[in-house]
Amino acid sequence: MTSSRKHINARSLRIFRKVALLTVLTVYLVILAGGIVRSTGAGMGCPDWPKCFGSWVPPTEESQLPLNYKEIYGKKLKGEVVFNATKTWIEYVNRLLGVLTGFMIFLTFVASFPFRHTSYRLLFYLSFLAFVLVGIQGWLGSKVVSFELLPSMVTLHMLLAILIVFVLLYLLLASYAEQLTSLFPKGNMRLNRLILINLGFSLIQLIMGTQVREEMDHVIARLGYLARFEWIENLNFLFYVHRSFSILILVVGFILFYQVYRQKASPQLVRKLVAINLLIIVLEIATGVSMAYFGVPAFSQPIHLLMSILLMGVQFIVWVVVNAEWLFKKWTSPKYLQSVIP
Ligand code: HEM
């Protein structure tokens, strides 16, 4: 260890890792919660904002509401308001998780303070970026609603969610820079190409998926929540492209898995990651199939959404690990450390 490396306090690094990991988990939880809100139709469970039925902790029974609550809130819901405690609480928990996410990302930023004058200072700048991106995401979310779910807005919202996940994962991995740079000291061109193809295809699939979901929302609005078994047949051709494109992702995922397991020198971490990648692809296809052929069961919609972002996350981790040598070389090279730290 060089003398300048000592500037990075081991305790601060441990704290940062824990906070960053918790933040990533919270973001995934909020994505799952958002999916559950949509699949259960609980979006209007709270007719007002930021309070819910006029209070910070929503009611659990209709008797706790004013007698004329339908008049008070009916206007916002175009005359339709029937209190449903389950939907109200699903939406309420979703909002709490949203607040928690903002708080956790801020905490990550605070935990990055000790690194701002060290060779790990990128942790500080990227944590700040994550914080700004979450602010933009919140603003975009409100625009998605006010633009009545304009397809490009929904897609942009989704892409920004992925960018936030990527920045947070990068932060987490970067805090292990020293350990990761030794895994692929000379890189690995073939793996790198495969993982980039897998990532690129998954991204295309995800964008297509949001368009299918968009179409689905229109179909649901037309046919109603009870006609679940008719939703799929009313989707346009993009659904069929989306369905078939998953075969390509499965094939690339399998080749990646095969390549990693074939090479004896493959690090254990990468072996695990490519196996998880393949497993998620299979589960993602399984939830897709359950929607397509079993009347879109409500549980499969949020799982399908969550899995798609988990998939991108795992593939991004593999990419960072394979490229860690050049991504983090500067951070850990004694020469660089001496030049940046007084
Ligand atoms: C690797 C494979 C796949 C990926 C990454 C993927 C990804 C996605 C994504 C990101 C969405 C948007 C979810 C949302 O915004 O709530 C979506 C929607 C959808 N996907 Fe997939 N998908 C895959 C495979 C499949 C397959 C094989 C099928 C059908 C056989 C399928 C059927 C659907 C349907 C029906 C929707 C609309 C869901 C909804 O409205 O909640 N997907 N997909």
Side-chain angles (χ1 to χ4, degrees), residues 28 30-43 94 137 140-141 144-145 149-163 165 195 197-225 227-257 274 276-316:
Y28 273 109
V30 84
I31 291 169
L32 177 66
I36 294 176
V37 166
R38 177 171 168 267
S39 66
T40 52
N94 179 44
Q137 180 76 332
L140 204 66
V144 168
V145 177
L149 300 172
L150 196 73
S152 52
M153 283 302 226
V154 177
T155 308
L156 204 65
H157 198 240
M158 178 69 127
L159 291 179
L160 195 55
I162 289 173
L163 185 63
V165 169
I195 191 63
I197 293 173
N198 216 184
L199 250 176
F201 282 179
S202 302
L203 185 66
I204 295 172
Q205 178 72 327
L206 184 125
I207 294 173
M208 258 195 286
T210 47
Q211 303 303 307
V212 174
R213 175 233 147 114
E214 198 40 46
E215 181 67 19
M216 187 80 117
D217 281 339
H218 291 135
V219 171
I220 296 172
R222 240 185 16 247
L223 304 181
Y225 261 91
R228 295 192 99 95
F229 276 87
E230 290 158 45
W231 289 350
I232 293 289
E233 62 202 55
N234 280 281
L235 292 174
N236 59 18
F237 78 100
L238 200 63
F239 161 68
Y240 299 97
V241 182
H242 179 72
R243 186 184 64 179
S244 308
F245 198 73
S246 55
I247 297 169
L248 219 57
I249 297 176
L250 182 66
V251 170
V252 180
F254 184 77
I255 298 174
L256 183 68
F257 175 83
V274 294
I276 295 172
N277 180 45
L278 193 57
L279 183 71
I280 298 178
I281 295 174
V282 171
L283 290 176
E284 180 72 338
I285 293 177
T287 50
V289 167
S290 80
M291 284 195 279
Y293 303 102
F294 299 97
V296 196
F299 74 87
S300 56
Q301 286 172 294
I303 297 179
H304 197 69
L305 168 67
L306 179 72
M307 291 278 181
S308 66
I309 300 180
L310 273 176
L311 184 69
M312 299 283 303
V314 171
Q315 293 173 354
F316 180 71

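Throughout, residue positions are numbered sequentially from 1 according to the sequence presented. One-based numbering, in listed order, for ligands and for the atoms of each.
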*Name the closest protein heavy atom to atom 38 (C) of ligand 1, giving the residue it belongs to and the distance to 0.1 Å.*
Met291 SD, 3.7 Å
*Considering only heavy atoms of Ile232, which atoms of ligand 1 have at least one such atom less than 4.0 Å away?*
35 (C)
*For Met216, take its heavy atoms, then give the atoms of ligand 1 lying under 4.0 Å from any of them.*
40 (O)
*Over 12 foreign heavy atoms within 6.0 Å of CZ, Phe245*: yes
*Which option, Glu214, Met307, Gln205, owns the non-hydrogen atom nearest atom 23 (C) of ligand 1?*
Gln205
*For atom 40 (O) of ligand 1, find the nearest protein heavy atom and state the residue, atom name and distance (0.1 Å precision).*
Arg38 NH2, 3.0 Å
*Atom indices of ligand 1, in the order listed, that fall short of 4.0 Å to a heavy atom of Gln301*: 39 (C), 40 (O), 41 (O)
*Do the side chains of Glu215 and Leu238 get nearer than 4.5 Å, heavy atoms only?*
no
*Ser39 side chain to Ile36 main-chain N or O, any donor-acceptor pair under 3.5 Å?*
yes
*Hey, does Met158 sit under 4.0 Å from ligand 1 if you only count heavy atoms?*
yes
*For atom 15 (O) of ligand 1, the protein heavy atom that lies nearest, with its residue and separation*: Arg213 CD, 3.1 Å
*If we only count heavy atoms from C-beta on, is the Arg213 to Asp217 side-chain gap below 4.5 Å?*
yes
_Nearest protein heavy atom with distance in Å, relative to atom 30 (C) of ligand 1_ = Arg243 CG, 3.2 Å
*In the protein, which heavy atom is nearest to atom 28 (C) of ligand 1, and how far is it?*
Gly288 CA, 3.4 Å
*Could you tell me whether the side chain of Gln137 and the main chain of His157 form a donor-acceptor pair under 3.5 Å?*
yes
*asked:* Using modelled atom types and a 3.5 Å cut-off, is there a donor and acceptor pairing between side-chain atoms of Trp231 and backbone atoms of Gly224?
replied: yes
_For atom 7 (C) of ligand 1, the protein heavy atom that lies nearest, with its residue and separation_ = Glu284 OE2, 3.3 Å
*Evaluating non-hydrogen atoms only, which member of Gln211, His157, Met208, His304 is closest to atom 43 (N) of ligand 1?*
His304
*Under 3.5 Å, is there a donor-acceptor pair between the side chain of Ser300 and the main chain of Val296?*
no
*asked:* Counting only heavy atoms not in Tyr240 (residues, nucleotides, ligands), do more than 12 fall under 6.0 Å from its OH?
replied: yes
*Shortest protein heavy-atom distance from atom 32 (C) of ligand 1, along with the residue and atom involved*: His242 CD2, 3.7 Å
*Please report which non-hydrogen protein atom sits nearest to atom 36 (C) of ligand 1, along with the residue it belongs to and the distance in Å to one decimal place.*
Val212 CG1, 3.7 Å
*Can you figure out which of Ala292, Gly35, Ser246 has its heavy atom closest to atom 27 (C) of ligand 1?*
Ser246
*Less than 4.5 Å apart, any side-chain heavy atom of Arg222 and any of Asn234?*
yes
*asked:* As an exercise, identify every atom of ligand 1 less than 4.0 angstrom from a heavy atom of Ser308.
replied: 7 (C), 10 (C)
*asked:* Counting C-beta onward and ignoring hydrogens, is there a side-chain heavy-atom pair between Val165 and Tyr28 closer than 4.5 Å?
replied: yes
_Note, Leu278 side chain near Leu256 side chain (heavy atom, < 4.5 Å)_ = no
_Heavy-atom gap Asp217 to ligand 1 smaller than 4.0 Å_ = no
